[in-house]
Amino acid sequence: MSQLSAGICRRLNEAPQEEIDQLASGHTVQLLSIKKVAPTTTSTTATDRFRIIISDGVHFVQAMLATQLNDLVANGDINKNTVVIIDKLACNFVQDKRLIIILDLHVVSRNEEKIGTPTAPPSTQDAPAPAVLEATSSSVTSPATSSSTGQAKPIQPQPRTGPSGRGGRSVYPIEGLSPYQNNWTIKARVTQKSDIRTWSNQRGEGKLFNVTLMDESGEIRGTGFNAVVDELYEKFEEGKVYYISKARVNLAKKKFSNLQNDYELSLEKNTEVEECLETTSVPMMKYNFVELSSLEKLERDNTCDVIGVIKEVGPLGEITSKATNRTIPKRDLTIVDMSQYSVRLTLWGKQAEQFAADDLPVVAFKGVKVGDFGGRTLSMVSSSIMTISPDIEEAHLLRGWYDGIGTEKNFQSHTSGSSGASFGGFNRNEMRHLSDVKESQLGMSDKAEFFSTRATIMHIKSENISYPACPTQGCNKKVVDLGSGWKCEKCDKTFERPEYRYIMSMAVADWSGQAWLQGFNEAGLAVFGKTADEVHEIKERNEAEYNALMAQASGVTFNFSCRAKQDTYNDQTRVRYGISRITSLDYHEEAKHFVNLLKSPWAQ
DNA sequence: CCCCCCCC
């Protein structure tokens, strides 16, 4: 049975803040409870927060687990009754309550019984009993439920005398910032500074910039507008550490934030920013790497951190933005990691132009955006950070692995199965059921969305499956029968006979549902095994034979790559599913795919 | 008060 550090809970409950930081480390406690705090927003991307109860065998107190430790909960590393040693904690006073945040810990033992019969420590006049911490903790995560804004008198944190103290003010952990406390100073490193951006919309125009601020407890985004840009933009330098105070703490709109923080800072006219040269306590960067194999689990538009070896550096290219019509340089990298997956990652703008590494370095990416084009892709966004050959353990491990055996590995691609990563290609790893296609409202946005599905033809609208087309290569326009010939308006030419091309609408079904798919020439060729000219000729000559051909086509199953897009026709808006590829089932190919699945890391 | 982050 473990020996707990009796007395620590009482001290945590009574000691003034400046002492708590010093007495914090090295104490052994038991976790009596780990509970997820109700999410702040309805957003599904809101970061989980865990409230824990720690016991020293005599007393217990409540605390919050820093979100950077959430993995310990998710992985089952810590549970009820786990005994841990606290390596680092912070305490801050929010109004009249104290909030203890466990910043780091390590496990001593699991599967223990509850040790002793701990009770709540006696309340003191100066320091409130932990019973009120319930309210404190939820006020951090659920400000909407708090009714006490501006009513209670905040306890002024005691000035720190240690080396990180400053001008009689206490340094707060970023994790502890909340809208209800404004007399704070954080000591944070600028891990990222945006360019100055301008905007102009109905509500007005202006300019702004963002910084990402980080300390050992967490991260927060800061934004400065207009005059504040002039005042502070030059002052902030990436990598440097600053004392920052008198900024406003707002609820972050999670939709737009990739940081693990429910709040963000609005840098105001009177916000104080002062460089701090004593920087050793502030980490350089914080990562929460995901393996490339598990990108499938992330939704499109999520952001994540990854680390990989650059296996391929694509050529500098450019695209023309549909929205702005501007030309933007881009460069695709292929990165691989120990999960034996590869993924394409796109750099934009200057970063694309200037990327010159030719020695296949290890690169860490923070806050890159997940795309789902043909599987999974990653893309740098303005808040992403790319670090080439970072001096971190994961990088050294990866380097060693890759130089040893990684070079010889085959990497599973996220972009497609056997047919290659072509646009709209069939992807066995990303098959959707028809009901899923409809339920997930694919194509309901302004953009076209692509999916792969396997379905059986139930019915083909037989009245009109082809049209007379211009025989000019690549024209395919409908031609008009003049009696004396067929005229193409586009080519301004008349032809003796047209070339029929398929245009067909078919109902397909799988076990989950059905859908109407629109197919063109390629689809007809696959379905009938004949050209549209041939089928048209049959229809003219022998209606019964034509009907038999139609009947034959029903009940056949194909692999489809489809494009879902909203379409307005006769004032009716609905999603249409176009067939971009159709292939007969190839059982050899299907079996090969299953074998690959069995060999892949996630089957082990 | 932005919140765009692009293309196949």
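Proteins come first, then strands; the chains are lettered A, B, ... in the order of their sequence lines, and each starts at number 1.
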Tell me if the side-chain of A:Glu205 makes a donor-acceptor pair with the base of B:dC2, cut-off 3.5 Å, by modelled atom types.
no
In whole angstrom, give the distance that lies between atom CD1 of A:Ile196 and atom C1' of B:dC3.
18 Å
Could you pull out all residues at least two apart from A:Tyr402 that satisfy ring pair (Phe, Tyr, Trp, His ring centres under 6.0 Å)?
none
Comparing A:Thr223 with A:Ser383, nearest DNA chain B nucleotide closer to 5' gives the residue A:Thr223
Give one of base, sugar-phosphate or nothing for A:Ser379, where a contact means two heavy atoms less than 4.0 Å apart.
sugar-phosphate
Quiz item: A:Lys253 side-chain donor-acceptor pair to B:dC3 base, under 3.5 Å
no
For atom NZ of A:Lys477, is the number of surrounding heavy atoms from other residues, nucleotides or ligands below 6.0 Å larger than 12?
no
With sequence neighbours left out, write down each residue that passes ring pair (Phe, Tyr, Trp, His ring centres under 6.0 Å) with A:Phe365, or none if nothing qualifies.
none
Taking any heavy-atom pair under 4.0 Å as a contact, classify A:Gln351: base, sugar-phosphate, or nothing.
nothing
Compare the ring of A:Phe225 with the six-membered ring in the base of B:dC1 and state whether they stack (centres under 5.5 Å, planes under 30°).
yes
Nucleotide of B:dC5, B:dC2, B:dC6 approaching A:Glu264 most closely (side-chain heavy atoms)
B:dC2
Any side-chain heavy atom of A:Arg189 sitting closer than 4.5 Å to one from A:Met284?
yes
Any N or O donor-acceptor pair linking the side chain of A:Arg197 to the base of B:dC5 at under 3.5 Å?
no
State whether the distance check finds a donor on one side and an acceptor on the other, under 3.5 Å, for side chain A:Arg344 versus base B:dC8.
yes
